[in-house]
Amino acid sequence: MPSRQHLLRLVLLLGFAALIAATSLLAFRLSLALGLSELQVTGRHRLDLYASSLEREIDKYAYFSTTLGLERDVLQLLAAPRPERTAQVNQYLEQLNERAGTLSIYVLDRQGRVVASSNWRRPDSFLGEDLSFRPYFRQALETGSGRIFGIGTTRGEPGYYLASALGNGQGTLGVAVVKVGLQQLEKSWATVEAPTLVADENGVVILASVPDWKFTTLQPLDAATRSAFDRSQQYNRRALDPLGVVELETLDHGARLVRLPRLGPELVSVFPVTGKFLAQTQPLPGTPWNITVFSQQEQVRGVAVTRAALAGVGAAFLCILALMLNERRRHLKDRLAAREALQQAHDELERKVAERTADLSAANGQLQAEVAERTRAERTLRAAQDELVQAGKLAVIGQLATGIAHELNQPLAALRTLSGNARKFLARGDQATTDGNLARIAELVDRMGRLTGQLKSFARKSSGRPQSVPLRRAIDNALFLLEQRFRRAGIVACLNLPQEELHAWCDANRLEQVLVNLAGNALDAMEGQPAPALDISARRQGDRVLVQVRDRGPGLSDAVRPHLFEPFFTTKEAGSGLGLGLAISAGIVADFGGSLTGDNHAQGGAIFTLDLPAAPEPHNE
Ligand code: ADP
């Protein structure tokens, strides 16, 4: 299927082709019309020229026959024919004929008999012949003169018969006839540039610049005319074939466009005699004849064709110009459209970008709000967590309180005894024992100070920011806080730490809190157990530090294990446990990127594993 554009283009091309063809045709027609009208003017000039020169020629001979009427001898012969007069006139006519170059000159009496003739010497002379049947004779008798083209009956020679009635005052005596040869008349056409013919009243061509045209007819003869000719022997039984001029078109002023047939050679002298011609005809004055001049059209046609071609080329050029202009206009339009489309796309893009930016900034705002909200929530949570940690810690301290009070009471009592004893020994003058007592007092005060210091440090709110924490010290501190409970339970914690110092990446205070919790739970679990023991081991595993607290208690029952780290889960009686210890511990450890798990040891008892990130080297503690 051709596209719409292709179809349009085809129609346009066809239109242009039609335009070019129409322009060429118009130019051809106009040029031809112009050329033909010019040709008509030239033709008419030629016609006038040829006609007048022929007329002059004919008139010259016509004069002879008339002047014969002035010859006395001739008139006498006609009036009273006698042989010597005949001989005399014969000679006269012979001389006259020779001088004039005519074919023959003869005189007929009233009956049409030849009484004297220029050709009296020749054997075929028509002297004495009856030529009354010849039309010129009758014409001359009737009108005074007769002009007839005809072909001689004796020699078959074509010629123009110019007859004049001769007479005196009494009437017509006879007729003088001059027969002029056609060559004589055609002499005047020696220089014709265009084929010319003269047709007589019967349409028979009697004179022609083209020899082959002679004795042809312009119109075909009907049978009646032909038999009339036979009777008068005007054309002496010539075939009288039609010339075969084909009329193509009739123009103004009697001009016609015709096609001339080819009868003989194409050229006569140098002028073509076949093809398309402009025919112009006019009567020849003083005769019943018509003269026709054929002006060649070929040149006019050639010029018209050239002009048509030029006009076609011009039209084609204009079409191409129009096409180019149209193409340029379309190109500009396309460019404009493309620019517009580009602008639109650009605008659209900008609009979308603006839209997205707005969306984005809205989303961003929302996100920021959410982040702020979350930060706030986290902060609140963190604060709550910190509070919880602190609460857990205080709970531990609460649990420790009895032990600590006992721990402080003992040295206080000892202080009291020692100081009392010191005074007594001082009064006795036992300085050495006094000194020993005072030293012991100082020791006890130091120990009490250490305990309260430790408690204070445990109770303080720590930042929770991770740093390198020496594991051994954290374990020692935790055990120190529980020392009283260990002593009461009769347990000595068994430490199993590697030689090298282990450092965990966490907060010392919180790690101690976790350890106090784990150790405290172990002590709780082992209460009343036959062979209580606590093992605390630590080792490094890659970039982690693992701390394990194992007791010899009953272990973790299936009912307890799933809820071990749930807040407020406890199996202890009211007042001794809140159920927060492991939950807080697990939270603390998770904060430092570690984990806390509880399990049963294969040899009995529970084992809690603390997995913490190792502090990066070197340890700047
Ligand atoms: P609390 O000590 O206040 O009960 P915890 O969270 O520390 O709260 O402990 C929760 C529970 O886990 C305890 O009540 C106990 O049943 C169990 N548990 C903790 N540690 C041990 C352990 N070493 N052996 C056996 N059970 C334990």
Side-chain angles (χ1 to χ4, degrees), residues 384-404 458-459 474-475 477-479 481-496 509-538 546-592 594-612:
Q385 246 178 15
D386 286 352
E387 285 307 315
L388 200 62
V389 169
Q390 195 59 21
K393 212 167 2 184
L394 294 178
V396 171
I397 291 171
Q399 282 172 350
L400 292 177
T402 350
I404 289 166
F458 183 73
I475 294 170
N477 286 344
L479 292 179
L481 283 175
L482 294 167
E483 199 178 358
Q484 178 63 24
R485 286 195 63 192
F486 272 101
R487 207 176 306 136
R488 254 197 300 158
I491 299 170
V492 178
C494 178
L495 288 188
N496 182 14
N509 184 261
R510 295 200 174 179
L511 178 59
E512 283 169 24
Q513 187 179 347
V514 173
L515 291 171
V516 167
N517 257 322
L518 292 178
N521 278 348
L523 289 173
D524 287 342
M526 289 188 295
E527 224 166 87
Q529 290 292 316
L534 187 85
D535 297 301
I536 298 180
S537 65
L546 299 182
V547 182
Q548 289 188 310
V549 179
R550 186 209 162 182
D551 60 52
R552 302 297 161 99
L556 307 170
S557 70
D558 289 343
V560 169
R561 269 173 75 172
H563 311 289
L564 209 53
F565 297 102
E566 279 176 15
F568 304 109
F569 173 78
T570 180
T571 55
K572 295 167 193 173
E573 56 199 48
S576 52
L578 280 174
L580 281 175
L582 285 180
I584 291 172
S585 297
I588 290 171
V589 174
D591 268 356
F592 297 130
S595 67
L596 176 63
T597 51
D599 211 341
N600 285 322
H601 195 270
Q603 275 98 47
I607 179 164
F608 283 82
T609 307
L610 201 56
D611 178 341
L612 285 168

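Indexing begins at 1, ligand by ligand and atom by atom, following the structure's order. Keep in mind that this is a model prediction, so the values were computed, not measured.
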Practice item. Around atom 27 (C) of ligand 1, find the nearest protein heavy atom and jot down its residue, atom name and distance. Key: L556 CD2, 3.8 Å
Revision key, fill the gap. Within 4.0 Å of some non-hydrogen atom of L564, the atoms of ligand 1 are 12 (O)
Review point. Which word best sums up how the rings of F569 and H563 line up, parallel for under 30°, tilted for 30 to 60°, or perpendicular for over 60°?
Key: tilted
Check your understanding: Only one of N517, N509, V514, L511 forms a side chain to side chain contact (heavy atoms under 4.5 Å, CB included) with I588, so which one is it?
Key -> V514
Check your understanding: Counting from 1, what ligand 1 atoms have a heavy atom of L582 closer than 4.0 Å?
Key -> 5 (P), 6 (O), 7 (O)
**Study point:** ligand 1 N/O within reach of A525 N/O, cut-off under 3.5 Å
**Key:** no
Check your understanding: Can you tell which of L518, D611, L612, T609 makes a side chain to side chain contact (heavy atoms under 4.5 Å, CB included) with L596?
Key -> L518
Check your understanding: Under 4.0 Å from any heavy atom of K572, which atoms of ligand 1 are there?
Key -> 1 (P), 2 (O), 4 (O), 13 (C), 14 (O)
Exercise for review: Could you tell me which atoms of ligand 1, counted from 1 in the order shown, lie closer than 4.0 angstrom to a heavy atom of F569?
Suggested key: 10 (C)
**Study point:** Where ligand 1 meets D551 - atom numbers and elements under 4.0 angstrom, heavy-atom basis
**Key:** 22 (C), 23 (N), 24 (N)
Check your understanding: Against heavy atoms of G581, which atoms of ligand 1 measure under 4.0 Å?
Key -> 6 (O), 7 (O)
Study note, to complete from the structure: Nearest non-hydrogen protein atom to atom 20 (N) of ligand 1, with distance, is N521 CB, 3.2 Å
Check your understanding: Would Q529 and D551 count as a side chain to side chain contact (heavy atoms under 4.5 Å, CB included) if you check the C-alpha gap in whole Å, the side-chain angles of each, and the deciding distance to 0.1 Å?
Key -> CA-CA 10 Å; Q529 290 292 316; D551 60 52; over 6 Å; no
Practice item. Tell me which one of G555, G579, G520 gets a heavy atom nearest to atom 8 (O) of ligand 1. Key: G579
Check your understanding: Heavy-atom distance under 4.5 Å between the side chains of L515 and L479, does that happen here?
Key -> no
**Study point:** Worked check of side chain to side chain contact (heavy atoms under 4.5 Å, CB included) between F568 and L580
**Key:** CA-CA 5 Å; F568 304 109; L580 281 175; 3.9 Å; yes
Review point. Atom 4 (O) of ligand 1: which protein heavy atom is closest, and how many Å away?
Key: T570 OG1, 2.5 Å
Revision key, fill the gap. If you scan protein heavy atoms around atom 16 (O) of ligand 1, the nearest is T571 OG1, 2.3 Å
Practice item. Compare all side-chain heavy atoms of L495 with those of I475 and state whether any distance is below 4.5 angstrom. Key: yes
Practice item. I would like to know whether R485 and D524 meet salt bridge (charged side-chain N to carboxylate O under 4.0 Å, His left out); could you show each step before the answer? Key: CA-CA 10 Å; R485 286 195 63 192; D524 287 342; 2.7 Å; yes
